Protein chains: 4
Amino acid sequence: MTEKQEKILNAALELFAEEGYGSTSTSKIAKKAGVSEGLIFRHFTNKEGLLEAISKEGESRLKVLFANIVMESDPQEVINKTFRIASEIAMDSEQSHFWKLQYKLKWETELYDEKKMEPIRNALTTAFEKLGYQNPEQEADILLLLLDGLATRYFLSDNFDMENMIEFLLIKYQE
Amino acid sequence: MTEKQEKILNAALELFAEEGYGSTSTSKIAKKAGVSEGLIFRHFTNKEGLLEAISKEGESRLKVLFANIVMESDPQEVINKTFRIASEIAMDSEQSHFWKLQYKLKWETELYDEKKMEPIRNALTTAFEKLGYQNPEQEADILLLLLDGLATRYFLSDNFDMENMIEFLLIKYQE
Amino acid sequence: MTEKQEKILNAALELFAEEGYGSTSTSKIAKKAGVSEGLIFRHFTNKEGLLEAISKEGESRLKVLFANIVMESDPQEVINKTFRIASEIAMDSEQSHFWKLQYKLKWETELYDEKKMEPIRNALTTAFEKLGYQNPEQEADILLLLLDGLATRYFLSDNFDMENMIEFLLIKYQE
Amino acid sequence: MTEKQEKILNAALELFAEEGYGSTSTSKIAKKAGVSEGLIFRHFTNKEGLLEAISKEGESRLKVLFANIVMESDPQEVINKTFRIASEIAMDSEQSHFWKLQYKLKWETELYDEKKMEPIRNALTTAFEKLGYQNPEQEADILLLLLDGLATRYFLSDNFDMENMIEFLLIKYQE
DNA sequence: AATGAATGAGCCTTCATTCAT
DNA sequence: AATGAATGAAGGCTCATTCAT
């Protein structure tokens with residue numbers, strides 16, 4: 001990956017996350033990346049190709065993030081780590097961009113890729129099982145619901161106190 | 001409101017909800033409504049005017065929906081009704097469109113209008129208080145988070161069993 | 001001519017004069033006249049029809065204006081009166097509108113109707129002849145040129161002192 | 001300036017001059033220039049940008065034209081040259097287009113830029129002074145009036161004998 | 001690899017005009 | 001006579017994409 005390719009990718013990520021995929025023009029991306037518009041197409045074929053490249057890069061990020069949870073054997077820790085992921089993302093501005101984009105895209109393209117979440121869902125199910133919850137599967141689902149809710153609020157609400165809320169949830173899930 | 005005006009509004013609602021505001025062209029709306037494109041502008045001035053008209057109509061809907069909850073005096077029933085709203089919306093396809101649009105718009109425009117939710121947040125807080133929860137405010141927030149999560153999953157996930165999940169949540173929130 | 005017809009005509013005159021024929025929309029005229037847009041077409045068939053109606057009304061005005069000059073027997077007075085016309089028009093705001101429109105239209109439609117000016121040209125030619133000028137025809141032409149120049153400056157230049165200039169011309173043409 | 005850019009500029013100049021700025025569509029310009037419509041905007045941003053580009057080019061032309069007059073020391077020659085400019089413009093069809101546009105624009109935008117004429121007005125004033133005229137300033141103004149009149153007639157009247165008229169004026173201004 | 005010129009389709013909007021009432 | 005709904009064509013402009021260099 002050349003330097004210019006990365007510049008394009010970064011510009012695209014930021015713009016897509018900020019203004020949405022559909023509302024970001026390739027010319028704006030080129031300008032922000034300091035690159036000729038044609039070059040985008042030379043390297044990524046398509047506007048869609050650009051998106052795919054970003055997504056691909058993101059998927060590996062996801063895997064790293066999830067691996068940490070899935071590997072965990074202590075059930076309580078599985079839950080804790082899941083919440084802490086959200087917290088960590090919120091802190092890192094670059095990661096924040098990336099995840100905001102993920103959510104924006106979900107709504108723009110109406111693709112909620114369940115498969116991606118399957119590993120954590122399973123990890124959480126087993127965790128709740130081990131902890132003796134009655135309906136571990138549904139409990140896992142609820143926790144995932146909370147995660148989506150947190151993302152919605154964090155990215156769209158101006159004055160949402162993420163840290164505090166996660167703190168509270170962490171306690172609530174402790175017996 | 002003439003017949004054609006309503007046709008336009010309905011077509012717009014559906015298309016905005018399905019493809020997003022920015023990605024829906026006025027010509028597509030006109031075609032779907034069986035109307036000349038110019039008529040849209042005669043009646044609604046703008047593409048944005050169209051959106052406002054839809055939103056205005058929606059806000060009154062919101063009020064009706066919320067009034068039912070806010071009036072409720074039985075705290076447990078406040079919580080139950082809040083969940084059931086989600087369930088009801090999911091059943092009514094026309095309402096469904098409208099609410100999907102609301103969420104899409106949130107992400108497209110990055111405006112999460114907190115004020116709109118304030119009445120229920122308050123109602124929920126009082127309800128949790130009466131029921132003797134330790135942190136009623138945060139409990140209300142969590143329930144709202146769950147609602148956002150439910151919306152995200154319901155509108156974006158192909159095979160999400162809303163009914164079932166709400167059933168489960170209803171029980172979980174019963175003591 | 002009904003009241004509404006006149007309102008339309010007046011609104012059109014003013015708008016055409018101020019913003020030009022092409023740049024004035026029939027809807028703007030209707031709004032200014034306090035009348036439905038359809039009525040314009042009921043009465044004047046066309047946007048062009050509107051213009052014709054205005055022009056026709058103007059032609060009679062022209063005739064009245066010119067009659068005064070053509071009838072004059074004293075040659076010096078013919079010249080004086082010609083200049084004073086310009087002065088008078090400049091004073092009367094309604095007439096001013098009308099004549100501004102005439103000039104605007106000349107440039108917009110590229111029609112400089114020579115025939116309309118023929119009577120004064122003749123009157124001026126005879127006047128210069130009687131006064132013993134060598135080339136009465138060309139002198140008449142020059143005076144007309146000055147009139148066009150005056151109109152150009154008066155209507156387009158912010159700080160043009162029409163009165164003063166005419167005063168000076170009047171003296172210059174006195175022997 | 002690429003070849004196509006110039007083609008666009010020329011097409012625009014001619015069409016603006018012939019049909020007016022407001023009445024000339026960018027698509028017509030593109031067609032006449034043998035170019036895609038989008039290219040106009042790539043190079044000139046705006047329809048207005050096109051006009052500015054033309055005007056800018058014209059202003060330098062103006063300077064060259066005026067320099068010749070302003071530099072002249074012989075007062076009589078200053079006057080002669082001023083008239084001859086008009087004559088020359090009338091002969092050169094490309095220049096003719098440009099000046100016609102200038103006048104059309106004056107009437108379309110109602111902007112009579114006095115500053116542009118200031119240099120010649122001054123040159124003429126000094127010339128009339130040197131020649132012993134009583135009111136040199138007003139004499140200069142009158143000559144400018146005649147120029148505006150000439151332009152009006154030349155561009156709008158079908159059968160106006162410019163050459164002849166200028167010949168006559170030249171003699172009239174000779175003592 | 002990289003640029004910048006060039007394109008064609010589509011977008012939102014305006015406008016003159018027609019029609020039913 | 002008068003209105004207001006409705007239309008279809010055109011207008012300025014943006015955008016993703018291609019191509020020659």
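We name chains A, B, ... by the order of the sequence lines, and we start the count at 1 in each one. What you see is a predicted model; the values in this text were computed from it and never measured. Every heavy atom of this structure was used, including side-chain atoms; hydrogens, water molecules and symmetry mates were not.
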Inset, instruction - Return the nearest nucleotide to the side chain of C/Lys47; candidates are F/dT3, F/dT17, E/dT17. - result: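 Selected nucleotide (nearest to the side chain): E/dT17.
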Legend entry - Nearest listed nucleotide, side chain of B/Glu37, among E/dT13, E/dT3, E/dT17: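 Of all the options, the side chain of B/Glu37 is nearest to E/dT13.
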What is the separation between atom [atom1] on [X] and atom [atom2] on [N], rounded to the nearest whole Å?
| X | N | atom1 | atom2 | result |
| --- | --- | --- | --- | --- |
| A/Ile40 | F/dC15 | CD1 | C1' | 12 Å |
| C/Asn46 | E/dA16 | CG | C1' | 9 Å |
| B/Leu39 | E/dC15 | CG | P | 17 Å |
| D/Phe41 | E/dC11 | CZ | P | 17 Å |
| D/Arg42 | F/dT14 | CZ | P | 13 Å |
| A/Leu50 | F/dC15 | CG | P | 15 Å |

Legend entry - Pair C/Glu37, C/Thr26: side-chain N/O donor-acceptor within cut-off below 3.5 Å: yes
Inset, instruction - Verify whether one side chain among A/Asp158 and B/Tyr112 offers a donor that lies under 3.5 Å from an acceptor in the other. - result: no
Inset, instruction - May I ask you to verify if any side-chain N or O of C/His43 is less than 4.0 angstrom from the OP1 or OP2 atom of F/dA1? - result: yes
Inset, instruction - Measure up the A/Tyr103 and B/Trp107 rings against each other and bin them: parallel (under 30°), tilted (30 to 60°), perpendicular (over 60°). - result: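 Aromatic pair A/Tyr103/B/Trp107 classed parallel.
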Inset, instruction - Please map the stems of DNA chain F, keeping only stretches of three or more Watson-Crick or G-U wobble pairs with both distances under 3.5 angstrom. - result: E:2-21 with F:2-21
Inset, instruction - Check D/Glu14, D/Glu19, D/Glu18 against D/Lys32 for a salt bridge (Lys or Arg N to Asp or Glu O under 4.0 Å) and give me the one that passes. - result: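 Single salt bridge (Lys or Arg N to Asp or Glu O under 4.0 Å) partner of D/Lys32 among D/Glu14, D/Glu19, D/Glu18: D/Glu14.
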Whether [X] side chain and [Y] backbone form a donor-acceptor pair below 3.5 Å:
| X | Y | answer |
| --- | --- | --- |
| A/Ser23 | A/Gly20 | no |
| C/Lys104 | C/Ala17 | yes |
| A/Glu108 | A/Gly22 | yes |
| C/Thr45 | C/Phe41 | no |
| C/Lys47 | C/Tyr21 | yes |

Legend entry - C/Glu57 vs C/Arg61, salt bridge (Lys or Arg N to Asp or Glu O under 4.0 Å): CA-CA, chis, key distance, verdict: CA-CA 7 Å; C/Glu57 206 212 311; C/Arg61 245 186 259 204; 3.1 Å; yes
Legend entry - Members of residues 1-29 of chain B that approach DNA chain F, where some heavy atom sits under 4.0 Å away: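 Output list: B/Thr2, B/Lys4.
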Inset, instruction - By nearest nucleotide on DNA chain F, pick out whichever of D/Glu48 and C/Ser36 is the more 5' one. - result: C/Ser36
So which protein N/O to nucleotides 19-21 of chain E N/O distances come out below 3.5 Å?
none

Legend entry - Note: B/Lys7-B/Glu3 ion pair, threshold 4.0 Å (strictly below): yes
